[in-house]
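Contents: one structure, followed by commentary.
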Amino acid sequence: MRPFYPGGDYERFDYSGGAVVVDNPPFSILSKICTFYRTEQIPFFLFAPYLTIFSSTSRNGAHMIVTDSTIEYANGAQVNTSFVTSFGDDLIRTAPDLANAIDETVKRVRKEQRRHPPKYAYPRELLTVSRLGKIGKQVEFRVKASDVAFTRALDSQKAVKKAIYGGGYLLSEAKAAELKAAELKAAELKAAELKAAELKAAEDVTIWPLSENEKRIIGKLG
């Protein structure tokens with residue numbers, strides 16, 4: 001059953017006949033909803049917020065399935081989602097089969113919804129604006145008029161009525177080698193920038209230690 005809809009009242013919904021609730025409830029009252037279903041002994045499997053799933057359901061006996069699935073809802077919002085349920089024996093668990101099935105479904109739907117442009121590979125002697133865009137933040141690259149010749153399509157493209165999107169320039173052999181070297185240098189600089197960002201992120205981590213009281217609690221668990 002799906003009792004959560006505009007104008008609906010889940011507390012007065014008819015759950016007779018062995019109903020099981022499988023729905024996307026309002027996250028703001030998720031704890032109250034789970035408590036109601038547990039009290040009324042109505043089985044459920046509900047969408048839940050990923051990051052706050054512990055605080056949303058920690059005191060009402062619901063079982064938590066952590067999947068971190070990015071789901072796009074009818075209003076266009078993309079929300080990292082997990083699930084809570086009355087089924088199972090574990091308080092908290094992961095579910096790789098479910099998480100991967102959701103991801104594969106999302107990828108398939110998105111692929112069906114948008115048309116992918118064709119992918120082309122050009123010779124290194126052809127300069128396109130996208131090649132410069134990929135190195136423009138790391139490397140300075142200059143071209144003189146004597147080094148290039150403008151073209152809207154390669155001869156191999158003209159035979160099948162294709163063209164270079166936005167046009168391109170044929171490069172001299174020397175300039176093509178220079179551009180290739182610039183692309184390699186840009187890739188190295190990008191990798192170094194990424195490494196530096198990762199190190200900076202690691203330095204910014206605040207480590208919260210356990211108190212002696214918390215250690216005693218842990219020692220009594222299990």
Side-chain angles (χ1 to χ4, degrees), residues 27 49-54 66-82 94-209:
F27 290 170
Y50 165 62
L51 284 177
T52 58
I53 188 173
F54 284 1
V66 180
T67 62
D68 189 16
S69 303
T70 302
I71 294 176
E72 182 173 340
Y73 292 85
N75 62 0
Q78 292 191 2
V79 181
N80 288 2
T81 303
S82 289
T94 60
D97 288 348
L98 175 59
N100 290 321
I102 292 172
D103 285 351
E104 289 301 316
T105 301
V106 169
K107 290 177 183 177
R108 176 177 54 79
V109 170
R110 287 178 179 171
K111 185 176 181 180
E112 292 171 354
Q113 288 177 340
R114 65 176 181 262
R115 178 180 176 273
H116 291 283
K119 294 182 180 180
Y120 298 130
Y122 290 111
R124 74 172 194 167
E125 292 84 4
L126 180 72
L127 173 65
T128 60
V129 70
S130 61
R131 289 183 74 181
L132 293 180
K134 292 177 180 178
I135 67 172
K137 293 182 179 180
Q138 289 79 29
V139 179
E140 184 178 72
F141 186 77
R142 299 173 182 239
V143 178
K144 295 185 181 301
S146 58
D147 292 323
V148 295
F150 182 77
T151 180
R152 296 191 182 280
L154 299 176
D155 289 342
S156 57
Q157 290 180 299
K158 294 175 183 176
V160 290
K161 297 182 180 180
K162 298 292 184 180
I164 303 164
Y165 186 78
Y169 284 91
L170 295 174
L171 295 169
S172 66
E173 289 290 342
K175 208 64 183 177
E178 186 181 333
L179 176 57
K180 185 63 178 178
E183 290 173 328
L184 293 174
K185 182 178 180 181
E188 292 176 358
L189 291 173
K190 285 181 183 179
E193 291 170 1
L194 181 61
K195 184 65 175 179
E198 291 175 348
L199 291 174
K200 182 64 169 60
E203 293 173 357
D204 292 340
V205 173
T206 299
I207 299 176
W208 300 103

Can you check whether K190 reaches K195 side chain to side chain, under 4.5 Å on heavy atoms? no
Closest heavy-atom pair, R124 versus A176, reported as atoms and distance to 0.1 Å, is O-CB, 3.7 Å
Note: A182 and I135 closest approach over all heavy atoms is CB-CD1, 4.2 Å
d(L51 CG, N80 CG) to nearest 0.5 Å is 6.5 Å
Can a donor-acceptor pair be found, under 3.5 Å and without considering hydrogens, that links the side chain of S69 to the backbone of I71? no
Pairwise side-chain contact, L171 with L179, heavy-atom cut-off 4.5 Å (strictly under): yes
Q) Do S130 and Y165 get their side chains close enough for a donor-acceptor pair, meaning under 3.5 Å? A) no
| With a distance cut-off below 6.0 Å to the six-membered ring centre and an angular limit of 45° from the axis, does K175 pair with F141 as a cation-pi contact? | yes
Practice problem: Please check if atom NZ in K158 has more than 12 non-hydrogen atoms from other residues, nucleotides or ligands closer than 6.0 Å. | Solution: yes
Closest non-hydrogen atoms of A163 and Q157, given as atom of the first, atom of the second and distance, are O-NE2, 3.4 Å
Evaluate the side chain to side chain contact (heavy atoms under 4.5 Å, CB included) criterion for residues Y50 and V79: first the C-alpha distance (whole Å), next the side-chain angles of each, then the deciding distance (0.1 Å), finally the verdict. CA-CA 8 Å; Y50 165 62; V79 181; over 6 Å; no
Closest non-hydrogen contact found for F27 with Y73 is CZ-OH, 4.1 Å
Output for pair (T67 OG1, D103 CG), nearest 0.5 Å, gives 8.0 Å
Looking only at heavy atoms, the pair that brings P49 and T52 closest together is CG-OG1, 3.2 Å
- Task: Kindly indicate, with the supporting measurements, whether the criterion side chain to side chain contact (heavy atoms under 4.5 Å, CB included) is fulfilled by L126 and L170.
- Result: CA-CA 5 Å; L126 180 72; L170 295 174; 4.1 Å; yes
dist L154:CG -> Y122:OH (nearest 0.5 Å) comes out at 6.5 Å
Check: Is there a side-chain contact between V143 and L127 (heavy atoms, below 4.5 Å)?
Finding: yes
Item checked: Lys/Arg-Asp/Glu bridge criterion (N-O < 4.0 Å) met for E183, K134 -> no
Between P123 and R131 the two heavy atoms that sit nearest each other are O-NH1, 4.0 Å
